[in-house]
Amino acid sequence: MARANEKVEALLREYADLIAIGGGDAFKARAYEKAARAIGGHPADVAGLDVKGLREIPNVGKSIAEKVVEYLSTGRVPDIEARRAAVPAGVRALTAIPGLGPRKAFVLYDELGVSSVEQLEDAIREERLRDLKGFGEQTEQNILHGISVLRNADGRILLGAAMDIAEQIVAEMERIPGCVRCTYAGSLRRMRETIGDVDILVAAGRSAPFMAALTELPLVADVIAHGAKKTSVRTTAGLQVDLRVLPPASWGAGLQYFTGSKAHNIRTRALAVRQGLKLSEYGLFDAESGESLASETEEEVYGRLGLPWIAPTLREDRGEVAAGLKGELPALVEEGDIRGDLHTHTDLTDGLAPLEDMVAAAAARGYAYYAVTDHAPDLAMQRMTREKILAQREQLRALDRTVRGMRLLHGTELNIGPEGGLDWPDGFLAGFDLCVASVHSHFGQSRAAMTRRFIRACENPNVAVIGHPTTRRIGRRPGVDADFDAVFEACARTGTALEINAHPERLDLGDEDILRAKRYGVKFAVNSDAHATTHLPYLRYGVGTAQRGWLTKDDVINTWPWSRLHRFLEAKRA
DNA sequence: GCCGTTTTCGGCCCGACTGTTTTCAGTCG
């Protein structure tokens with residue numbers, strides 16, 4: 001979604017990096033980083049704000065607000081351009097190499113004139129680095145290795161892929177004698193949509209057996225660090241995995257610390273400091289006496305700080321600590337609250353499994369209702385016809401009489417055409433229990449046309465849910481450009497739910513958009529979009545994303561009993 | 001550069017690991 005916020009965020013991040021490289025005040029660099037993040041996550045478009053409005057955003061003060069206004073009105077900020085002139089862009093690119101930070105990057109530029117990854121490789125080959133203070137032969141090797149890592153895997157991998165690896169490693173660790181507890185932490189536990197590295201925690205008396213076992217796993221390609229408290233490896237897929245072994249008595253403090261986020265930890269540590277306490281991964285201590293006050297469970301640690309336990313998916317410093325202090329944390333939707341999946345496919349279109357198999361797999365998950373929503377004819381390659389979908393309806397109704405405890409819904413996933421039209425006329429659509437409508441083509445329309453297109457779809461009385469609203473594919477394709485605030489408003493006005501598509505390549509809507517949409521009073525549907533029985537469990541990632549958007553059961557229509565969901569669908573059609 | 005239930009000045013989270021040093025700086029999370 002192209003908002004001015006993202007551009008401003010990138011600009012401020014660049015400025016922060018340039019300050020760090022230039023050897024400026026580290027706290028100043030961090031101030032710019034904090035402001036960048038705050039603006040990136042701010043719900044309102046900063047393009048419409050003046051200095052006063054900008055300063056109401058946390059961590060944005062007079063100086064940054066003025067730079068942002070200047071940037072938005074003229075496209076230029078002289079201070080930043082001066083920094084750019086002093087430090088070529090290539091030097092900043094060097095800091096993307098793992099193990100090479102701003103200080104060493106600047107030394108390379110200052111002493112050797114290196115200002116690109118290629119020049120750095122040449123300098124290493126010519127052995128020009130080892131004469132520099134703080135550099136040596138090993139550093140050369142580490143940088144070369146970092147460059148190859150950078151080129152092979154550009155950083156983060158999808159939530160689902162990281163979860164698969166983490167769960168394998170956790171299972172291996174749990175088999176080792178002496179393992180008291182083991183789980184994954186970090187951004188994975190927070191259910192971020194992409195994962196930079198996986199943090200595994202073990203509670204045990206001795207660390208050595210676990211450290212050794214990790215380095216010997218077949219999926220390990222490379223041992224990055226191997227110590228008593230921490231071991232880091234890189235998997236064959238290029239994912240970094242950090243293992244930490246903690247004494248069982250500090251499990252809760254360690255889990256809290258390594259779950260993060262960094263910003264949440266800074267917030268909780270600051271809260272501790274104000275109470276004369278010190279919070280580290282080993283526990284919550286009295287700052288004066290050093291006495292340990294809490295460490296065994298996260299509940300104790302948060303409790304001693306005056307907070308209720310905060311769900312990991314909320315720990316992004318989006319106001320969860322303040323809400324916790326006031327007792328106003330939302331009762332988040334949980335996977336167990338989901339009563340049915342409202343967007344699934346069968347092999348009648350591009351799914352892999354026949355109707356009976358999908359229904360059996362859904363029943364095994366304990367759902368109260370389940371919608372089959374195969375593609376409609378405008379997605380031409382699916383070759384759908386009225387006859388085929390009506391035959392499926394017959395088959396589904398017959399199956400419904402044999403399945404106990406689960407209501408089957410016959411639906412379809414319609415295509416929202418370039419003008420906002422749908423595959424079938426209203427009369428035919430009225431025969432479905434539920435229609436999901438999604439954009440599958442013409443991604444490049446103008447913002448105005450795309451916005452009109454979504455709003456027209458919302459205004460169709462048969463459309464209950466807008467499927468994967470931005471149509472992004474994480475890491476492959478950005479979302480379409482539309483005025484989503486206008487779309488969210490239309491959804492709220494017409495009683496149309498927005499999907500939180502749980503497929504790990506989509507997670508669409510994403511957390512930031514969910515937070516924005518919720519302000520309009522929109523309802524959501526967390527759906528798997530399963531094309532195979534094995535996709536039904538993807539729902540967990542959608543629920544995690546919904547939690548990251550602070551959603552409760554009441555916000556999510558497929559947690560509702562059928563009677564309430566039915567009324568919601570009927571109200572739209574009335 | 002930002003911020004304030006100790007504050008408009010003086011803090012700003014904290015520890016592990018590595019490689020270079022011989023007590024520490026840089027990097028990372």
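Throughout, protein chains are lettered first and strands after them, A, B, ... in sequence-line order, and every chain is numbered starting at 1. These values consider heavy atoms only, across backbone and side chains, with no hydrogens, waters or symmetry-generated copies. Since we're looking at a predicted model, the values are computed, not measured.
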For [X] and [N], give me the distance from atom [atom1] to atom [atom2], rounded to whole Å.
X: A/N265; N: B/dC14; atom1: CG; atom2: C1'; result: 10 Å
X: A/D317; N: B/dC13; atom1: CG; atom2: C1'; result: 13 Å
X: A/R103; N: B/dT27; atom1: CZ; atom2: C1'; result: 12 Å
X: A/L132; N: B/dT20; atom1: CG; atom2: C1'; result: 13 Å
X: A/Y32; N: B/dC3; atom1: OH; atom2: P; result: 12 Å
X: A/I224; N: B/dC17; atom1: CD1; atom2: P; result: 14 Å
X: A/N142; N: B/dG26; atom1: CG; atom2: C1'; result: 12 Å

From [options], nucleotide with atom closest to [X] side chain:
X: A/I64; options: B/dC14, B/dG1, B/dT27; answer: B/dG1
X: A/K104; options: B/dA16, B/dT27, B/dC14; answer: B/dT27
X: A/D242; options: B/dT18, B/dC12, B/dG29; answer: B/dG29
X: A/I266; options: B/dG19, B/dG15, B/dC13; answer: B/dC13
X: A/K28; options: B/dC13, B/dG19, B/dG1; answer: B/dG1
X: A/R274; options: B/dG15, B/dG1, B/dT6; answer: B/dT6
X: A/P102; options: B/dG1, B/dT27, B/dG19; answer: B/dT27
X: A/D197; options: B/dG29, B/dC14, B/dT20; answer: B/dG29
X: A/Y257; options: B/dG29, B/dC13, B/dC12; answer: B/dG29
X: A/K278; options: B/dC2, B/dC12, B/dC14; answer: B/dC14

Say you pick atom [atom1] in [N] and the same atom in [M]; how far apart are they, in whole Å?
N: B/dT21; M: B/dG26; atom1: C1'; result: 13 Å
N: B/dG11; M: B/dT6; atom1: P; result: 16 Å
N: B/dT23; M: B/dT5; atom1: C1'; result: 41 Å
N: B/dT20; M: B/dT27; atom1: C1'; result: 13 Å
N: B/dT8; M: B/dG1; atom1: C1'; result: 14 Å

*Please say whether more than 12 non-hydrogen atoms of neighbouring residues, nucleotides or ligands are located less than 6.0 Å from CZ in A/R13.*
yes

*Answer yes or no: does atom CD of A/E137 have more than 12 heavy-atom neighbours from other residues, nucleotides or ligands under 6.0 Å?*
no

_Residues A/R516, A/E512; criterion salt bridge (charged side-chain N to carboxylate O under 4.0 Å, His left out); working and verdict_ = CA-CA 6 Å; A/R516 275 167 74 195; A/E512 299 275 356; over 6 Å; no

*To the nearest 0.5 angstrom, please state how far the CG atom of A/L325 sits from the CG atom of A/L307.*
4.5 Å

*Counting distance only, does the side-chain N/O of A/R181 pair as donor-acceptor with the main-chain N or O of A/P248 below 3.5 Å?*
no

_For B/dC12, the Watson-Crick or wobble partner whose two distances fall under 3.5 Å_ = B/dG1

*asked:* Whether A/R244 contacts B/dG29 is assessed here as follows: a side-chain N or O lying under 4.0 Å from the phosphate OP1 or OP2. Is that the case?
replied: no

